[in-house]
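Everything below concerns the one structure shown next.
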Amino acid sequence: MYHGYNRPVSSSQVALSCVGVVKRYGSVIAVNGLDLKVLRGECFGLLGPNGAGKTTTIEILEGLLAADAGEVEVLGQRWDRDATALRARLGIQLQETQLAEKLTVAETMRVFRSFYPRGPSVDELLDTVELASKKDAWVKNLSGGQRQRLSVACALAGEPELLFLDEPTTGLDPQSRRQLWEVLERFGRNGGTILITTHYMDEAHELCDRVGIMDQGKLIALGTPRELVLSLGAEHVVEFALADEAQIDEPLLSALPGVRDVRRDATHLHLSTSELHLTVPALLDLLRLRDAQLSQLGTHSATLEDVFVTLTGRQLRDE
C-alpha cells in the first residue's frame with residue numbers, strides 16, 4: 001500500500017529529500033533505507049508508533065545526526081557542505097525543548113532572535129503564538145501549552161522556509177493543541193513548509209497535506225490522508241467483543257456482506273466494511289445462529305489508525 005506521486009515533481013518543488021537513508025545503533029537499525037520527498041509549501045506528517053524511527057529520521061534531516069548511509073538534501077543544500085547557510089533557513093522544535101527557567105518570555109525570544117540575520121520582531125513573534133500577555137512572565141511559570149507555543153515561536157524566530165516539529169502537541173490539552181494548530185496553519189498559508197511527526201490522527205487529518213506512515217525504520221505507506229483511508233476499500237469499522245469466551249471463526253465473518261478485512265486483537269474483533277448497513281444486521285444474525293452473546297459493539301469511520309493497524313497489526317499510538 002505504498003502511494004507515490006501522481007505527477008512529475010521538479011527539483012525546485014522539493015523542499016527536502018532523502019534517498020536510501022540508513023541509521024544504525026549497534027545491531028539495531030533505526031532507519032532502514034528510507035526514501036522520502038517533501039514538497040515546498042506542504043505540511044507533511046510522519047506517522048508511526050514509538051520506536052518506528054520518526055525522531056531519528058527528523059534529526060537526520062535537521063542535521064543533528066549523521067546518517068550511516070544514503071543522501072539528504074534540504075532546500076537544495078546538503079549538511080556536509082552548506083550547514084551554516086542551511087541553519088539560517090530552518091526552524092526546529094524538538095520533542096523536548098529545554099528553555100532557561102529564569103528568563104522571561106521576552107528575554108527568551110530576544111536570545112533566539114539574535115541567532116538569525118533576519119526575522120520578525122520579538123513582539124511580532126509573541127503575537128503570532130498569542131503570548132504577548134505573558135511577555136514578562138518567567139518561563140518556569142508557563143503552562144505546558146504556553147511552553148510549547150513559546151518553543152514554536154523560537155523555531156519561527158529566523159523567518160524559516162522549512163519548519164521541523166517533533167510531536168509538538170504531546171501532552172497538551174485540547175484547547176492548547178487547537179491554538180498551536182492555528183499557528184502552524186498561518187505559517188503554511190504564508191508559504192512555509194512543515195515536516196511534523198505525530199501519533200495523533202486528528203492532528204494529521206487537520207494539518208497534513210500528505211502523510212507517510214513509518215514502521216521499523218521504513219516508510220510503508222504514503223499519500224494524502226483521504227487516499228490512505230480509501231486504500232482500505234472500506235469506509236467503516238465494526239468493533240465487537242463476545243461474552244463467555246464465545247468464538248466465531250474468521251472465515252464466517254469474512255463472508256458477511258460488505259466485509260473487506262477481519263482483524264482480531266487481544267479483546268476485540270474488527271471488521272472493515274464498505275456497507276455498514278448490511279454488515280451489522282448480518283453480524284447480529286450470525287451471532288444469534290451461533291448462540292454467541294455480545295459484550296461490546298461499536299462502529300466508527302475508517303481512519304489512518306485503521307490503515308496502520310491493517311498494515312502492521314499494531315496500534316499507531318501506544319497507550
Side-chain angles (χ1 to χ4, degrees), residues 1-9 11 13-25 28-75 78-79 92 95 162-168 193-201 203-233 261 302-318:
M1 192 191 293
Y2 191 101
H3 294 256
Y5 296 96
N6 295 322
R7 56 182 172 80
V9 176
S11 58
Q13 294 174 287
V14 178
L16 65 85
S17 68
C18 57
V19 179
V21 168
V22 175
K23 183 65 180 178
R24 298 181 180 88
Y25 295 100
V28 176
I29 303 177
V31 182
N32 191 0
L34 183 68
D35 296 335
L36 179 66
K37 288 182 180 178
V38 174
L39 305 184
R40 290 180 184 266
E42 79 172 334
C43 180
F44 187 94
L46 202 55
L47 312 183
N50 294 335
K54 304 189 306 298
T55 294
T56 300
T57 296
I58 202 171
E59 288 181 350
I60 290 171
L61 296 174
E62 292 166 342
L64 300 178
L65 284 178
D68 295 321
E71 296 184 0
V72 173
E73 192 170 280
V74 182
L75 298 175
R78 297 168 59 104
W79 284 111
I92 297 174
Q95 197 171 106
L162 172 58
L163 187 59
F164 290 98
L165 303 165
D166 194 2
E167 298 190 6
T193 304
I194 299 172
L195 175 62
I196 181 172
T197 70
T198 182
H199 50 216
Y200 291 112
M201 292 301 90
E203 188 157 272
H205 275 287
E206 179 76 17
L207 296 178
C208 298
D209 300 299
R210 290 187 307 133
V211 297
I213 297 178
M214 285 191 74
D215 189 34
Q216 298 180 6
K218 295 182 178 180
L219 200 64
I220 60 173
L222 176 67
T224 68
R226 178 172 172 77
E227 284 172 347
L228 294 181
V229 171
L230 288 177
S231 70
L232 288 174
D261 181 69
T303 67
L304 288 172
E305 177 84 22
D306 299 304
V307 174
F308 186 85
V309 172
T310 297
L311 288 171
T312 69
R314 300 166 60 200
Q315 294 294 317
L316 183 58
R317 185 178 178 210
D318 295 338

So, for [X] and [Y], which heavy atoms are closest and what is the spacing to 0.1 Å?
| X | Y | value |
| --- | --- | --- |
| Pro168 | Leu165 | CG-CB, 4.0 Å |
| Leu232 | Thr310 | CD2-OG1, 3.6 Å |
| Ala204 | Pro225 | O-CG, 4.2 Å |
| Leu195 | Leu162 | N-CD1, 4.5 Å |
| Val38 | Arg210 | CA-NH2, 4.1 Å |

| field | Trace of the side chain to side chain contact (heavy atoms under 4.5 Å, CB included) decision for Thr197 with Met214 | value | CA-CA 10 Å; Thr197 70; Met214 285 191 74; over 6 Å; no
| field | Worked verdict on Glu59 versus Lys23 for salt bridge (Lys or Arg N to Asp or Glu O under 4.0 Å) | value | CA-CA 11 Å; Glu59 288 181 350; Lys23 183 65 180 178; over 6 Å; no
| task | Test side chain to side chain contact (heavy atoms under 4.5 Å, CB included) on His205 and Leu304 and set out the steps. | result | CA-CA 9 Å; His205 275 287; Leu304 288 172; 3.9 Å; yes
Do [X] side-chain atoms and [Y] backbone N/O form a donor-acceptor pair below 3.5 Å?
| X | Y | result |
| --- | --- | --- |
| Asp209 | Glu42 | no |
| Lys54 | Leu46 | no |
| Thr193 | Gly41 | yes |

| task | Check the pair Val19, Glu73 against side chain to side chain contact (heavy atoms under 4.5 Å, CB included), reporting the backbone distance first and the verdict last. | result | CA-CA 9 Å; Val19 179; Glu73 192 170 280; over 6 Å; no
| task | Compare all side-chain heavy atoms of Leu207 with those of Ile194 and state whether any distance is below 4.5 angstrom. | result |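 They are not in side-chain contact.
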| field | Heavy-atom check, side chain of Ile29 versus side chain of Gln216, under 4.5 Å | value |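 Heavy-atom side-chain distance check fails, nothing below 4.5 Å.
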Interatomic distance, [X] atom [atom1] to [Y] atom [atom2] [nearest 0.5 angstrom]:
| X | Y | atom1 | atom2 | result |
| --- | --- | --- | --- | --- |
| Asp35 | Cys18 | CG | SG | 7.0 Å |
| Trp79 | Ile60 | CH2 | CD1 | 12.5 Å |
| Leu16 | Lys37 | CG | NZ | 11.0 Å |
| Thr198 | Glu206 | OG1 | CD | 12.0 Å |
| Leu64 | Thr55 | CG | OG1 | 11.0 Å |
| Thr57 | Glu62 | OG1 | CD | 10.5 Å |

| query | Does the pair Phe44 and Leu222 meet the rule for a side chain to side chain contact (heavy atoms under 4.5 Å, CB included), with working shown? | reply | CA-CA 10 Å; Phe44 187 94; Leu222 176 67; 3.5 Å; yes
